[in-house]
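We number each residue from 1, following the sequence as shown. The figures that follow rest on heavy atoms only: side chains count, while hydrogens, waters and symmetry mates do not.
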Amino acid sequence: MTLGVLAGGRASRLGGLDKAWLHCCGQPQVLRLVRRFSACCGQVSISANRNPERYVTHGLKALPDRHPDLGPIGGLDALAAGCTTPWLFTLPVDALECDSRLLDALAMAGGQGACAQDDDGLQPLFALYRLPELRVAVANAIATGQHSVRGLHEAMDLPIVRIAGERFGNLNTPEALVAAGCEPGGASDA
């Protein structure tokens with residue numbers, strides 16, 4: 001299985017800060033996620049359009065979008081194209097509160113994969129995909145101009161798994177950064 005971290009956004013609501021390299025709990029957010037899930041995912045790929053040298057420094061594989069400006073669909077396309085395992089588990093880089101129990105719950109949904117819903121609602125970027133189906137669905141979405149991840153999931157008939165009592169969190173506003181104790185990372189990330 002491959003962990004695919006979606007880190008290709010522009011962070012326009014955060015003044016362009018690269019969310020992957022925000023320091024949360026004393027380490028870059030992307031490294032927090034990789035370390036948290038490395039035991040259950042044999043490979044890691046990052047969908048990233050900025051700062052590729054930072055990923056290489058940490059031994060990570062950064063994949064730029066092949067179709068820029070499509071949002072998360074572009075990131076899913078890049079991850080699916082670069083994935084060499086039968087399964088892809090995706091998370092947004094600004095996921096604050098999730099652990100391997102999420103992957104276990106998604107895997108229990110059956111053999112076709114699933115996406116998550118927490119107490120805040122549907123969280124379409126927290127998902128588990130079978131790779132062949134994902135590649136076909138993403139190619140169709142791009143070809144038809146349907147760039148919604150929710151629409152992609154509907155086309156794939158992907159089940160939704162409710163994770164009760166959880167809020168995965170995100171870093172979309174300056175207030176969320178302050179509340180999470182995150183700050184811009186330096187050039188020498190831990």
Side-chain angles (χ1 to χ4, degrees), residues 1-9 18-21 28-95 98-116 122-144 146-161 168:
M1 179 176 313
T2 298
L3 169 64
V5 179
L6 293 156
D18 190 341
K19 291 182 187 182
W21 301 103
Q29 178 62 15
V30 68
L31 298 182
R32 284 183 70 225
L33 288 176
V34 168
R35 289 173 181 148
R36 185 172 289 162
F37 288 95
S38 62
C40 53
C41 295
Q43 297 181 19
V44 175
S45 289
I46 315 291
S47 164
N49 297 312
R50 298 186 285 167
N51 302 311
E53 69 287 347
R54 292 179 104 173
Y55 296 96
V56 172
T57 299
H58 293 284
L60 296 173
K61 181 179 178 181
L63 304 168
D65 290 358
R66 301 184 310 167
H67 302 278
D69 300 321
L70 297 187
I73 288 288
L76 287 174
D77 172 68
L79 291 171
C83 188
T84 59
T85 63
W87 290 92
L88 177 66
F89 171 52
T90 62
L91 297 170
V93 75
D94 62 354
C98 60
D99 58 32
S100 60
R101 291 175 295 173
L102 169 63
L103 177 55
D104 294 341
L106 295 175
M108 295 291 289
Q112 69 187 63
C115 68
L122 186 64
Q123 301 291 341
L125 301 182
F126 296 78
L128 179 64
Y129 301 99
R130 277 196 330 199
L131 199 57
E133 289 85 350
L134 177 63
R135 285 183 176 144
V136 169
V138 167
N140 287 340
I142 291 170
T144 60
Q146 303 297 316
H147 303 148
S148 160
V149 175
R150 289 180 187 209
L152 177 84
H153 290 176
E154 288 172 11
M156 295 178 73
D157 198 25
L158 210 62
I160 298 169
V161 174
F168 303 141

Val93 and Leu6: side chain to side chain contact (heavy atoms under 4.5 Å, CB included), yes or no, with the steps? CA-CA 6 Å; Val93 75; Leu6 293 156; over 6 Å; no
Go through it in stages, so that I can follow the logic: the residues are Thr2 and Ser45, the test is side-chain hydrogen bond (donor to acceptor under 3.5 Å, both in side chains), and I'd like the CA-CA distance, side-chain angles, deciding distance and then a yes or no. CA-CA 7 Å; Thr2 298; Ser45 289; 5.6 Å; no
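- In this structure Thr84 satisfies the side chain to side chain donor-acceptor pair (under 3.5 Å) test together with Gln43, sequence neighbours excluded.
- Put simply, the side chain of Arg130 gets close to the backbone of Gly111: a donor and an acceptor are under 3.5 Å apart.
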Determine whether Ser47 and Asp65 satisfy the following criterion, side chain to side chain contact (heavy atoms under 4.5 Å, CB included), listing intermediate values before the conclusion. CA-CA 7 Å; Ser47 164; Asp65 290 358; 3.3 Å; yes
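- Across all non-hydrogen atoms, the minimal contact from Ala116 to Leu102 is CB-CD1, 3.8 Å.
- Shown are Phe37, Phe126, Tyr129; of these, the ring pair (Phe, Tyr, Trp, His ring centres under 6.0 Å) with Phe89 is made only by Phe37.
- In this structure, the separation between CD on Glu133 and CG on Asp157 is 11.5 Å, given to the nearest 0.5 Å.
- Looking at Leu88 and Leu128, their side chains never come closer than 4.5 Å, going by heavy atoms from C-beta outward.
- With rounding to the nearest 0.5 Å, the separation of SG in Cys40 from CE in Met1 is 7.5 Å.
- Of the possible polar contacts, one joining the Thr90 side chain to the Leu125 backbone as a donor-acceptor pair under 3.5 Å is found.
- Contact between Val161 and Ala114 at its shortest, heavy atoms only, is CG2-CB, 3.7 Å.
- Inter-residue side-chain proximity for Arg54 and Trp21 is flagged as met; some heavy-atom pair is nearer than 4.5 Å.
- Judged purely by atom type and a 3.5 angstrom limit, Gln29 uses its side chain to pair as donor or acceptor with the backbone of Ala95.
- The shortest distance between side-chain heavy atoms of Leu91 and Cys98 falls below 4.5 Å.
- A heavy-atom distance below 4.5 Å is found between the side chains of His58 and Leu31.
- Between the side chain of Asn49 and the backbone N or O of Pro64 there is no donor-acceptor pair closer than 3.5 Å.
- To the nearest 0.5 Å, atom CD of residue Glu154 and atom CD1 of residue Ile160 are 8.0 Å apart.
- Taking every heavy atom of both residues into account, Lys61 and Gly82 meet most closely at NZ-O, 3.2 Å.
- Closest approach of Cys83 and Arg135 over heavy atoms only: O-NH2, 2.8 Å.
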Pair Leu60, Val44 - check side chain to side chain contact (heavy atoms under 4.5 Å, CB included), show working. CA-CA 7 Å; Leu60 296 173; Val44 175; 4.1 Å; yes
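- Partners of Asp77 by side-chain contact (heavy atoms from CB on, under 4.5 Å), not counting sequence neighbours, listed by chain and number: Arg66, His67, Val138, Ile142.
- Taking all atoms of both residues into account, the shortest heavy-atom contact from Leu158 to Gly113 is CD1-C, 3.7 Å.
- We find the CD-CG distance between Gln146 and Asn140 to be 10.5 Å, quoted to the nearest 0.5 Å.
- In this structure, Gln112 and Met156 approach most closely via the heavy-atom pair NE2-O, 4.2 Å.
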Between Leu76 and Val149, does a side chain to side chain contact (heavy atoms under 4.5 Å, CB included) hold up when you go through it step by step? CA-CA 9 Å; Leu76 287 174; Val149 175; 4.3 Å; yes
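- The line from CG of Leu3 to OG of Ser38 is 9.0 Å long, rounded to the nearest 0.5 Å.
- With Val5 as the fixed residue, the side-chain contact (heavy atoms from CB on, under 4.5 Å) test singles out one of Leu79, Asp94, Ile46: Ile46.
- Atoms CD1 and NE2, on Ile73 and His147 in that order, are 7.5 Å from each other to the nearest 0.5 Å.
- When side chains are defined from C-beta on, Cys41 counts as touching Leu103, because their heavy atoms get closer than 4.5 Å.
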